[in-house]
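Note sheet for the following structure.
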Amino acid sequence: MIRLFLMLSLALLLAGCAQFYAQQSNVNEQVDTWVEDHQYDKALATINAMDPDHEAYPELRQRSSVIEQRRSDYIDEQLDRASRHEANNDWAGAISVLDEALANLPEAPELLSQRREYDQRRLNSINRSENAILLARARYLLAIRNSEENLLKATPNNFFTQQRYRTFQQELKTISRRLYASGRQALYENDSFRAVQALTLSNRLSPNELSQELLNSIQQAQQTERQEARTQEAAVAEQQWPQLEEAFALSMSLNDLTGAKRLLDEMMELDPEKAEPMREELDIRLASESALLKERGELLYSQGFLGEALDVWEEALTLTPNDTELQANAERARTFLTNLDRWSN
C-alpha cells in the first residue's frame with residue numbers, strides 16, 4: 001500500500017514537472033539532460049505535455065521514437081545486467097541493479113515486475129538457508145543427547161549438571177516447536193519431503209502430538225494415493241515397489257519407525273516374501289529404540305521431568321505396545337501428574 005501511494009505520488013509529481021518544463025524555452029536542453037541520465041519517462045512526458053505551437057515541439061516530437069527506443073534498450077540492458085547475478089543466486093545484487101534503474105524509471109513495469117520476482121527469490125533463499133540451519137541444529141542436538149544424558153547419569157546430584165541438562169531439554173523443545181512450524185509451512189507449500197523431514201526431527205527432539213498428527217496425515221495421504229493407483233491398475237503395484245523401498249529407507253534413516261511400520265504393512269500386502277528382510281530389520285530397530293526410550297524416560301522421571309518422561313514412554317509404547325514395564329511406567333507417571341494437578345488446584 002505504501003509503495004503504491006509513493007508510485008502514485010511520483011506519477012503526479014512527474015506530470016506536474018512535465019507541464020512546467022513543457023512551457024520553458026530551454027526545453028530542448030532539459031530533454032537532452034534527461035535522456036543522458038536515462039530519465040526517459042521524464043523526457044517523453046514533457047514532450048507529450050508540450051503545446052504544439054511551441055517552437056521546439058516539431059523537433060522533439062520527431063525525437064520521441066528515438067527516445068522510446070533508447071528507453072527500451074536501457075531497460076533490456078538493466079534486466080540483462082541483473083540476470084547475470086542469477087547464476088550465483090545473488091538476488092541482493094540483482095535487486096541492487098534494478099533499484100538503480102528504477103531510480104531513473106520508477107514506473108517501468110518490466111523493471112518493477114522483475115524486481116518483485118527477485119525479491120521473492122531472495123526471500124525463498126533466506127527461508128531455505130534458515131531451514132537448513134534449523135535441520136542441522138536439530139541433528140546436532142540429537143547427536144549430543146547421549147553425551148548429555150551420560151553426564152547427568154555420572155553426576156545426578158550435581159546442581160550445575162542438573163541445570164545444564166534442564167537447559168538442554170529446553171532447547172530440544174524450542175527447536176522442536178520451530179521444526180513443527182517449518183514442517184507445517186512446507187506442507188502448505190506442497191513440499192512433502194521437507195515437511196516429513198522437519199516433522200520427524202521435531203518429534204524425535206521432543207515427542208509432541210502436533211508433529212506426529214501432521215506427519216501421520218501426510219503419510220496416510222501418500223498411502224491412500226498409492227492404494228488408489230493400485231486399484232485402478234494392478235500393474236502399478238510392481239512399479240511402486242522401488243518407491244516404497246525408498247520411502248522405507250528414508251523413514252529408517254530419519255528414525256521415523258512409526259512411519260516405517262506403516263510402509264512395511266503396505267509392502268507386506270503387496271509381497272510378504274520380498275518384505276520379510278525389511279520386517280526383520282525393523283523389528284530389531286523397534287526393540288532397540290524402545291529400550292533407549294524406556295531408559296530416557298527413567299532418566300527424565302528421576303530428574304523431575306514427569307511430563308517429558310510420560311511423552312517418551314508413550315512414544316516407546318507406539319513402537320512396542322505390549323511392553324508391560326513400559327505400560328506400568330507410563331501409568332505411574334500419568335497418575336503422579338494427575339495427583340499433582342489435583343493438589344495444585
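We use all heavy atoms of the structure for the numbers below, so side chains are in, but hydrogens, waters and symmetry mates are not.
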- side chain to side chain donor-acceptor pair (under 3.5 Å) between Arg166 and Gln169, worked out: CA-CA 5 Å; Arg166 289 181 186 279; Gln169 279 291 318; over 6 Å; no
- Message: Does Arg334 form a side chain to side chain donor-acceptor pair (under 3.5 Å) with Asn339? I'd like the steps, not just the answer.
- Response: CA-CA 9 Å; Arg334 206 175 288 115; Asn339 290 336; over 6 Å; no
- Carefully, step by step, assess Gln327 and Asp323 under the rule side chain to side chain donor-acceptor pair (under 3.5 Å). CA-CA 6 Å; Gln327 293 170 354; Asp323 189 316; over 6 Å; no
- Task: Could you check Gln30 against Thr46 for side chain to side chain contact (heavy atoms under 4.5 Å, CB included), going step by step and ending with a plain yes or no?
- Result: CA-CA 9 Å; Gln30 186 59 61; Thr46 297; over 6 Å; no
- Item | side chain to side chain contact (heavy atoms under 4.5 Å, CB included) evaluation trace for Arg226 with Leu263 | CA-CA 11 Å; Arg226 288 192 296 268; Leu263 286 163; 3.3 Å; yes
- Item | Pair Asp80-Glu77, side chain to side chain contact (heavy atoms under 4.5 Å, CB included): steps then yes or no | CA-CA 5 Å; Asp80 182 61; Glu77 180 186 339; 5.7 Å; no
- Would you check, one step at a time, whether the test salt bridge (charged side-chain N to carboxylate O under 4.0 Å, His left out) holds for Arg116 with Asp119? CA-CA 5 Å; Arg116 283 193 294 270; Asp119 200 39; over 6 Å; no
- Verdict with supporting geometry, Arg194 and Ser182, side chain to side chain contact (heavy atoms under 4.5 Å, CB included): CA-CA 9 Å; Arg194 183 159 63 89; Ser182 176; 3.9 Å; yes
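For the side-chain contact (heavy atoms from CB on, under 4.5 Å) with Glu276, the lone residue among Met278, Glu273, Glu280 that qualifies is Glu280.
Note that CG of Asp76 is 8.0 Å distant from CD of Glu110, once rounded to the nearest 0.5 Å. Taken to the nearest 0.5 Å, the OG atom of Ser192 stands 11.0 Å off from the CD atom of Gln197. Atom CG of Asp90 is separated from atom OG of Ser96 by 9.0 Å, given to the nearest 0.5 angstrom. Taking OG1 of Thr258 as the reference point, atom CG of Asn203 lies at 8.0 Å (rounded to 0.5 Å). Interatomic distance, CG of Asn131 versus CG of Leu179, reported as 8.0 Å (0.5 Å rounding). Note that the CZ atom of Arg115 and the CG atom of Leu79 stand 13.5 Å from one another [nearest 0.5 Å].
Counting heavy atoms from C-beta on, the side chains of Arg332 and Tyr301 come closer than 4.5 Å. Counting only heavy atoms from C-beta outward, the side chains of Arg63 and Asp32 approach each other to under 4.5 Å. Between Leu293 and Ser290, every side-chain heavy-atom pair lies at or beyond the 4.5 Å cut-off. The side-chain heavy atoms of Leu141 and Arg137, taken from C-beta on, include a pair separated by under 4.5 Å. When side chains are defined from C-beta on, Glu331 counts as touching Thr335, because their heavy atoms get closer than 4.5 Å. Between Ile67 and Ile47 there is a side-chain heavy-atom pair separated by less than 4.5 Å. Side-chain atoms of Arg285 and Asn255, non-hydrogen and from C-beta on, do get closer than 4.5 Å to each other. Contact of the Leu250 side chain with the Phe193 side chain is registered, since non-hydrogen atoms from C-beta on lie closer than 4.5 Å.
With salt bridges taken as basic N to acidic carboxylate O contacts below 4.0 Å, none links Asp73 and Arg70. Ion pairing between Lys153 and Glu295 holds under the 4.0 Å rule for side-chain N and carboxylate O. At a threshold of 4.0 Å, the pair Arg262-Asp256 does not count as salt-bridged, since none of the basic side-chain nitrogens sits closer than that to a carboxylate oxygen. Ion pair Glu117/Arg121 flagged as a salt bridge, since at least one NZ, NE, NH1 or NH2 atom sits closer than 4.0 Å to an Asp/Glu carboxylate oxygen. Between Arg279 and Asp283 there is a salt bridge, since a side-chain N of the basic residue sits under 4.0 Å from a carboxylate O of the acidic one. One finds no salt bridge joining Arg145 and Glu148 here, because no Lys/Arg side-chain nitrogen approaches an Asp/Glu carboxylate oxygen to under 4.0 Å.
Put simply, the side chain of Thr155 gets close to the backbone of Leu151: a donor and an acceptor are under 3.5 Å apart. Judged purely by atom type and a 3.5 angstrom limit, Ser129 uses its side chain to pair as donor or acceptor with the backbone of Ser125. Looking only at distances, no side-chain donor or acceptor of Asp37 sits under 3.5 Å from a matching main-chain atom of Gln39. For the pair Arg204 (side chain) and Leu254 (backbone), a donor-acceptor distance under 3.5 Å is present. Judged purely by atom type and a 3.5 angstrom limit, Thr161 has no side-chain atom pairing as donor or acceptor with the backbone of Asn157. At least one donor-acceptor pair closer than 3.5 Å links the side chain of Thr200 to the backbone N or O of Val196.
One hydrophobic cluster, built from ILVMFWY side chains closer than 4.5 Å, cannot hold both Leu215 and Leu172; they sit in different ones. Cluster membership check: Val312 shares its hydrophobic cluster with Phe168, using side-chain heavy-atom separations under 4.5 Å among Ile, Leu, Val, Met, Phe, Trp and Tyr. Under a hydrophobic-cluster definition in which Ile, Leu, Val, Met, Phe, Trp and Tyr are linked whenever side-chain heavy atoms come within less than 4.5 Å, directly or via other members, Met252 and Met268 are assigned to the same cluster. A continuous path of hydrophobic side-chain contacts links Val35 to Leu105 [ILVMFWY only; heavy atoms under 4.5 Å]. In terms of hydrophobic clustering, with Ile, Leu, Val, Met, Phe, Trp and Tyr side chains grouped at heavy-atom distances under 4.5 Å, Leu112 and Leu98 are assigned to a common cluster.
The local environment of CG in Asn190 is sparse, with at most 12 non-hydrogen atoms from other residues, nucleotides or ligands closer than 6.0 Å. The neighbour count for Arg61 CZ, taken as heavy atoms of other residues, nucleotides or ligands under 6.0 Å away, is above 12. Within 6.0 Å of the CD atom in Gln163, the count of heavy atoms belonging to other residues, nucleotides or ligands exceeds 12. Counting heavy-atom neighbours within 6.0 Å of Arg177 CZ, excluding the residue itself, gives a total above 12.
Counting all heavy atoms, side chain and backbone alike, Lys173 lies closest to Ser206 at CG-OG, 3.8 Å. The two residues Ala309 and Gly297 come nearest to each other via the heavy atoms CB-O, 3.4 Å. Between Leu199 and Ser211, the shortest heavy-atom distance links the atoms O-CB, 3.8 Å. In terms of heavy-atom proximity, Leu317 sits nearest to Ala330 at CD1-CB, 4.1 Å. Heavy-atom minimum distance, Ala108 versus Ile75: CB-CD1, 4.0 Å. In plain terms, the two heavy atoms of His85 and Ala94 that are nearest each other are CG-N, 3.7 Å.
Residues passing the ring-ring contact (aromatic ring centres under 6.0 Å, His included) test with Tyr74, sequence neighbours excluded: His38, Tyr40. Under the rule for a ring-ring contact (aromatic ring centres under 6.0 Å, His included), Tyr180 has no partner lying at least two apart in sequence or in another chain. Applying the side chain to side chain contact (heavy atoms under 4.5 Å, CB included) criterion to Glu298, with sequence neighbours excluded, gives Lys294, Trp313, Glu325, Asn329.
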